[in-house]
Structure formats: structure tokens, C-alpha cells
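Lettering of chains follows the sequences in order, A, B, ..., and the numbering in each one begins at 1.
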There are 2 protein chains.
Amino acid sequence: MNKPCNAEMMLENQLCFSIYSLSNAMTRAYRPILEAIDLTYLQYIVMMVLWQEQQVNVKVLGERLHLDSGTLTPLLKRLDSKGLIMRRRCEMDERVRLISLTDEGKQLQTEASKVPSQMRCHVDLDMQEVEGLKLKVDKLLMLLLDSKA
Amino acid sequence: MNKPCNAEMMLENQLCFSIYSLSNAMTRAYRPILEAIDLTYLQYIVMMVLWQEQQVNVKVLGERLHLDSGTLTPLLKRLDSKGLIMRRRCEMDERVRLISLTDEGKQLQTEASKVPSQMRCHVDLDMQEVEGLKLKVDKLLMLLLDSKA
DNA sequence: ATCAAATTAATTGCGCACAACCCTATTGCA
DNA sequence: TGCAATAGGGTTGTGCGCAATTAATTTGAT
């Protein structure tokens, strides 16, 4: 009566489930550390872009993070209400939102710069192993992103 | 005036962001395929456990998937309202919910068995590469899950 | 100059994730 | 036997992700 349980239908054999679980586990690991600077993981990621870029619009931000405005708009409003960013309109093109840091947002970078070392402290990774993993992950990511275009 | 932008604070250098983006990209890739059997990715994952196990409680399901009741309870209610599963109480211990498949839920396995090959069709992966990646991902996942206990 | 097409964000609605909390049933020990 | 501690799930609230739709603006072709 039971269907044959072929190997590829076993949960344990699915790369996708491993990636999914690891992604959840990593944001869980970041949570207590980021709590100290009152940011979620995605908010931290957005702030990292702004610490690099000074000023971006929603479209560019979405391209860098592979996320759309339905995710970013409410998140940016939350960062705004925390006083970390400003959301002005572009004068040349009124459709465009220009996102930039407030002084408070800039100052947060000092606190945030401690986060990576705190994470390493918690997990203790082999840096060479990490680099190898990242290369493989990025390769697969590129494949998936390209197959959409 | 600008803060020094040390390498570890560059978004592109963060393994975590790569994993996070890949996880999003993969569930995006599954979406159109799973649409045909009216399941989300997580619902598909839960069904896979049930196709293997016949019967589980919420606790065991949560342990297999690394998820808690706050995520699973509403999801199981949705699968119930689709007529794919039953949610009975255990007679021995009234606290326990026993999750099992309906006939409809069992029959869905036939349709679902086509999903893995459809995914491979879309992406075209080197199977040896995938296996190597999965090993590394699982290793890191184990590290993170253990560090909580 | 006009108006259709394209671009950029915002909004809405649904389904996760998870923390924090609550309730109930069971267990274990004094 | 009584009752505190524990275990199993459910509820609520917040914050993502993303599809689908809408609104406002700009561009571009006639």
C-alpha cells in the first residue's frame, strides 16, 4: 500500500532543505548579538549597504539584496522611525526615494563593527572552510538568479 | 569623516548573506513548480516528513525541521483545511497532537514525486558539486544547532 | 504637443519564523 | 495523596518575503 520512498524524496538528501535550515539557524545566531544594537538581521544588512554607499534608492537596494519593494518599504520605514535613516524624494525624478544615513545611523557603525568578531566567537569557524563554502554557495546563487532573467 | 570600511563589514564578504540569498532564491525557484500541487515550500517539506513517517506529533516534526509550534501549528491547520492531513489527539496523553495523512494527502505523493526532476530541469546542477556543497552546509548547520544546546 | 508605454515605489494580502506568553495534562516526589 | 515542576501545544505580536495591484512620474514615439 505504501508508495516507494525513492532517495531523492528523502528530506535528508535535499540540499535545499539544508540551505533553508542553515539560513534560519544563522539569523537565529545573529539575533541575540544584534539585539544589543536593536537591529534585525535584514535591517543590519541594509545598514551595511548604507555604510558603504552613503546614498541609494530603493531599486538599487533591492538589486543588491535581491529583495523587492514589498519587503524593503516597510523595513525602511522602521529604520526611519528609529531615526537611523532619511527617506527623501529625488528632485530630478519624483518617483525615486533616496535613502541616506542620519548622524545616528552613521554612529551606529562603530557599535556594529563589533558584530562579526562576536559571531566568530560564538561559532568558531575554520576561515578557509568558510571561504570554500562561500564560493560554492555564490556559484549556485548566481545560477539561480540568472535562470530567472 | 567616513569610518574605515574594513573587509569583514563588506556585504559581499559575508557567508551569511550568501546563504540567506541562496535560501530565498531556492524557495523562489520551487514556487512555480509547487504551485501545480498547491503547496508552499515549507508545506512541501512537512508533507515529505509525513510521506516517510505515516504519523508524527508536533514536537517530533519540529525537531526534524528545526521549527517551533508557533510556525507549525498554523501551517498544520492550513494543511488540515486543504484536506491533506488529520490532527488528532493522542488518547494516552491528551497534550499530544498526532499528525497523519488523509487519503488525499497520500495520493499527493505521486504528483509530488515529479518535483525533484522538474527542479533539476530548471537549474541543471553538477550532482557531485551539490553533494560536496551539502556536506559543508550540514557541517556548519550542525555547529550552529549544537551551540544552542 | 499628446498620449501610450515604461519606470519607480507603495500598498495589500498571505504565509512563514520566532519570541514571549498561556493553558492543560502528566509526572514525580515528599 | 497533594502539589510543584515539567512537557506538549496553542496564541499573539512583530518582522520579513513576495506576488499582485495601484499610483505617480517620466520617456518616447508619432
Pairwise side-chain contact, [X] with [Y], heavy-atom cut-off 4.5 Å (strictly under):
{"X": "B:L39", "Y": "B:L79", "value": "yes"}
{"X": "B:S100", "Y": "B:R88", "value": "yes"}
{"X": "B:L34", "Y": "B:T40", "value": "no"}
{"X": "A:L76", "Y": "A:I85", "value": "yes"}
{"X": "A:R89", "Y": "A:V96", "value": "no"}

Query raised in the report: Is the number of heavy atoms from other residues, nucleotides or ligands within 6.0 Å of CD (A:E91) greater than 12?
Result: no

Report task. Inspect the surroundings of NE2 in A:H66 and state if more than 12 heavy atoms from other residues, nucleotides or ligands are less than 6.0 Å away. Result -> yes

Touch check for [X], heavy atoms < 4.0 angstrom, all strands: base, sugar-phosphate only, or nothing?
{"X": "B:L75", "value": "sugar-phosphate"}
{"X": "B:L67", "value": "sugar-phosphate"}
{"X": "B:T71", "value": "base"}

Report task. Could you tell me how the ring of A:Y30 sits relative to the ring of A:Y41: parallel (under 30°), tilted (30 to 60°) or perpendicular (over 60°)? Result -> tilted

Report task. Please give the angle, rounded to 10 degrees, between the axes at the start and the end of the helix from C:dA1-D:dT30 to C:dA30-D:dT1, where five pairs define each axis. Result ->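 For the helix from C:dA1-D:dT30 to C:dA30-D:dT1, the axes at opposite ends meet at about 0°.
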
Query raised in the report: Between A:P74 and A:Y20, which is nearer to the 5' end of DNA chain C once each is assigned its nearest nucleotide?
Result: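 So the residue in question is A:P74.
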
If I take atom [atom1] in residue [X] and atom [atom2] in nucleotide [N], what distance separates them, rounded to the nearest angstrom?
{"X": "A:E35", "N": "C:dA20", "atom1": "CD", "atom2": "C1'", "answer": "12 Å"}
{"X": "B:L76", "N": "C:dA17", "atom1": "CG", "atom2": "P", "answer": "13 Å"}
{"X": "B:L145", "N": "C:dA17", "atom1": "CG", "atom2": "C1'", "answer": "15 Å"}
{"X": "A:Y41", "N": "D:dC16", "atom1": "OH", "atom2": "C1'", "answer": "13 Å"}
{"X": "B:E63", "N": "C:dC18", "atom1": "CD", "atom2": "C1'", "answer": "17 Å"}
{"X": "A:K59", "N": "D:dT26", "atom1": "NZ", "atom2": "P", "answer": "16 Å"}
{"X": "B:L61", "N": "D:dG9", "atom1": "CG", "atom2": "C1'", "answer": "13 Å"}
{"X": "B:Y30", "N": "C:dC16", "atom1": "OH", "atom2": "C1'", "answer": "17 Å"}

Presence of [X] side-chain N/O under 4.0 Å of [N] phosphate oxygens OP1/OP2:
{"X": "B:K77", "N": "D:dT11", "answer": "yes"}
{"X": "B:S69", "N": "D:dG9", "answer": "no"}
{"X": "A:N57", "N": "C:dT8", "answer": "no"}
{"X": "B:T73", "N": "D:dG10", "answer": "yes"}
{"X": "A:R28", "N": "C:dA17", "answer": "no"}

Report task. Would you mind telling me which of C:dC18, C:dA9, D:dA19 lies closest to the side-chain atoms of A:V58? Result -> C:dA9

Query raised in the report: Given that A:G70 and A:K82 both sit by DNA chain D, which one's nearest nucleotide is further toward the 5' end?
Result: A:K82

Requested in this report: May I ask you to list the residues of residues 83-99 of chain B, by number, that have any heavy atom positioned under 4.0 Å from an atom of DNA chain D?
Outcome: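 Within this stretch, B:R87, B:R95, B:V96, B:R97 sit under 4.0 Å of the strand.
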
Query - Salt-bridge present (B:E104, B:K82; N to O < 4.0 Å) - result: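 Salt bridge absent between B:E104 and B:K82.
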
Query raised in the report: With distance as the sole criterion, is a donor-acceptor pair present between the side chains of A:Q14 and B:K134 under 3.5 Å?
Result: no

